[in-house]
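This is a predicted model, so every value here is computed, not measured. Any value given below was found using the heavy atoms of this structure, including those in side chains, with hydrogens, waters and symmetry copies removed.
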Amino acid sequence: MFSIGEFAKHGRVSVRMLRHYDAIGLLRPVHTDPASGYRHYEAGQLARLNRVIALKDLGFTLQQVKALLDDDIGTEELRGMLRLRRMELESAVAEAAARLAQVEARLRTIENEGRMPTEDIVIKSLPPLRLAELTATAASFEPGEIGPAVGPLFGRLCALLDAAGVTPTGPGLAYYEDAPEGGGAITVHAGIPVGAQVSAGEEVRIVQLPGVERAATVVHRGPMDDVVPTAQALGRWIDANGYRSAGYPREVSLHCPDDRAQWVTELQEPIVQTG
C-alpha cells in the first residue's frame, strides 16, 4: 500500500486534493488508521484517480464525476468523452488564435493612425470578368466573419471546376455585397475567371462581373485575417486624394501558398471623384 504522500506523488496530484476527495466520498483510501488518521491507498486506485482527473478536466463538477464513476463508466465511453473534449479545446485554441491575430491587426492600425499611407496605391480600371462562383452569407464584414465564409467556398469551387475539367483563366477573386436580409450581413462571392462556353454543374453559377471605371488598388501581403491595416491605409489614401469609396473592395488572390503568411492579395476598391 501507499501512504497518502506516495499515492499523491504517483498520481501527480496534491495531498490536499486527495484529502478533499476522501471527504466528499469521491476517492476513499482503502485503510485509515483509527489512531493516527493516516490514509493508505492501493495501486489499483490510480485508475479511479485518473478517471476523476479526466472527467474534471472535461468540465464536470466533482459531484457529477462521483455519479459517473459510481455508475462504472467504461473505458471506451470515457475515451470518447475525452476525444470530444479534445476537439472542443482545439477549436477554442483556434478561435483564440484568430482573435489574437485580429487584436494585433487592430493594434497595428492604431499605431498607424495619423500617418499618411506609404503603400504603393495605384488607380486603375478593372475589366469585366466572366466568373464561375459560389456564394455564402457572412454575419458582418469583419475578417473573423468573412474568412470562415470565403475560404471553404474557394476550396469547394476549385474542386468542382477540377472535376468538370475547367481550366481557370485568371486568379481567384472575392467580392461582396450587402445581403438582402440586412442587419449588416454580407453576401460573399468566391469567383474564378473562366472562358466562354463553360459549364460546371448546377451548384456553380456563371456570372458576368461588371468592369469598374476607376479603382484604387493596393497589394496586401500576409493572411487576410490581418488585412485591416492595409484596408484602412487604402481608405485614408482615398479620402486624402479627393475620392470616395463606391463599394466594397474586391480581393484578388495573386499568390496563395499553404503558408498563409506568404499570401499576396490585391485589394481593388471602386472609387469616384468627390466634389
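Counting all heavy atoms, side chain and backbone alike, V219 lies closest to T230 at O-CG2, 4.3 Å. Nearest heavy-atom pair, P193 versus G170, reported as atom, atom and distance to 0.1 Å: CD-O, 3.6 Å. The two residues S140 and E145 come nearest to each other via the heavy atoms OG-CG, 3.2 Å. Nearest heavy atoms, A138 versus A149: CB-CB, 4.2 Å. Taking each heavy atom of G191 and F154 in turn, the nearest pair found is O-CE2, 3.5 Å. Smallest separation of non-hydrogen atoms from A233 and I121: O-CD1, 4.2 Å.
Connection of V212 to L131 is not established within any shared hydrophobic cluster, with ILVMFWY side chains joined at heavy-atom distances below 4.5 Å, either directly or through further cluster members. In the hydrophobic clustering of ILVMFWY residues, with side-chain heavy atoms under 4.5 Å counting as a link, V207 and V252 come out together. Connection of L126 to L173 is not established within any shared hydrophobic cluster, with ILVMFWY side chains joined at heavy-atom distances below 4.5 Å, either directly or through further cluster members. In the hydrophobic cluster analysis, where Ile, Leu, Val, Met, Phe, Trp and Tyr join through side-chain heavy atoms closer than 4.5 angstrom, V122 is grouped apart from L267. In the hydrophobic cluster analysis, where Ile, Leu, Val, Met, Phe, Trp and Tyr join through side-chain heavy atoms closer than 4.5 angstrom, V15 is grouped together with F7.
Contact check for V204 versus L157: side-chain heavy atoms found under the 4.5 Å cut-off. The side-chain heavy atoms of R214 and V272, taken from C-beta on, include no pair separated by under 4.5 Å. Under the 4.5 Å side-chain criterion, counting only non-hydrogen atoms from C-beta, L62 is not in contact with K66. Two residues are said to be in side-chain contact when any heavy atoms from C-beta on lie closer than 4.5 Å; P29 and I4 fail this criterion. Residues V218 and W237 form no side-chain contact, since every pair of their non-hydrogen atoms from C-beta on lies 4.5 Å or further apart. M224 places none of its side-chain heavy atoms less than 4.5 Å from the side chain of V150. Contact of the R260 side chain with the D225 side chain is registered, since non-hydrogen atoms from C-beta on lie closer than 4.5 Å. Contact annotation: the side chain of L209 never approaches that of H189 to less than 4.5 Å [non-hydrogen atoms, C-beta and beyond].
A distance of 9.0 Å separates CG in L69 from CG in L27, rounded to the nearest 0.5 Å. Here OG1 of T187 is found 9.5 Å from OH of Y175. Values are rounded to the nearest 0.5 Å. Distance check, rounded to the nearest 0.5 Å: OG1 of T274 to CG of D239 gives 8.0 Å. Taken from CG in L26 to CD1 in I24, the straight-line distance is 5.0 Å, to the nearest 0.5 Å. In this structure, the separation between CG on N50 and CG on L55 is 11.0 Å, given to the nearest 0.5 Å. Taking CG of L254 as the start and CD of E266 as the end, the distance is 6.0 Å to the nearest 0.5 Å.
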Please tabulate, for side-chain N and O atoms in residues 39-47, each donor-acceptor pair with protein atoms closer than 3.5 Å (sequence neighbours left out).
residue	atom	partner	partner atom	Å
R39	NE	D22	OD2	2.8
Q45	OE1	E42	N	2.9
Q45	NE2	R28	O	2.7

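Looking only at atom types and distance, the side chain of E269 has a donor-acceptor partner in the side chain of S245 under 3.5 Å away. Judged by distance alone, the side chains of Y176 and E251 do bring a donor and an acceptor atom under 3.5 Å apart.
Salt-bridge annotation for D259 and R221: absent, with no side-chain N of the basic residue lying under 4.0 Å from a carboxylate O of the acidic one.
When the side chain to side chain donor-acceptor pair (under 3.5 Å) test is applied to Y248, the partners found at least two apart in sequence or on another chain are D178. In this structure, the side chain to side chain donor-acceptor pair (under 3.5 Å) partners of T61, at least two apart in sequence or on a different chain, are Q64.
Heavy-atom contacts from other residues, nucleotides or ligands closer than 6.0 Å to CD of E213 number 12 or fewer.
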For the pair M17 and V52, evaluate side chain to side chain contact (heavy atoms under 4.5 Å, CB included) and give the outcome as yes or no after the intermediate values. CA-CA 11 Å; M17 183 180 293; V52 169; over 6 Å; no

Evaluate side chain to side chain contact (heavy atoms under 4.5 Å, CB included) for I123 paired with I271, printing each intermediate quantity in order. CA-CA 9 Å; I123 293 180; I271 56 173; 4.1 Å; yes

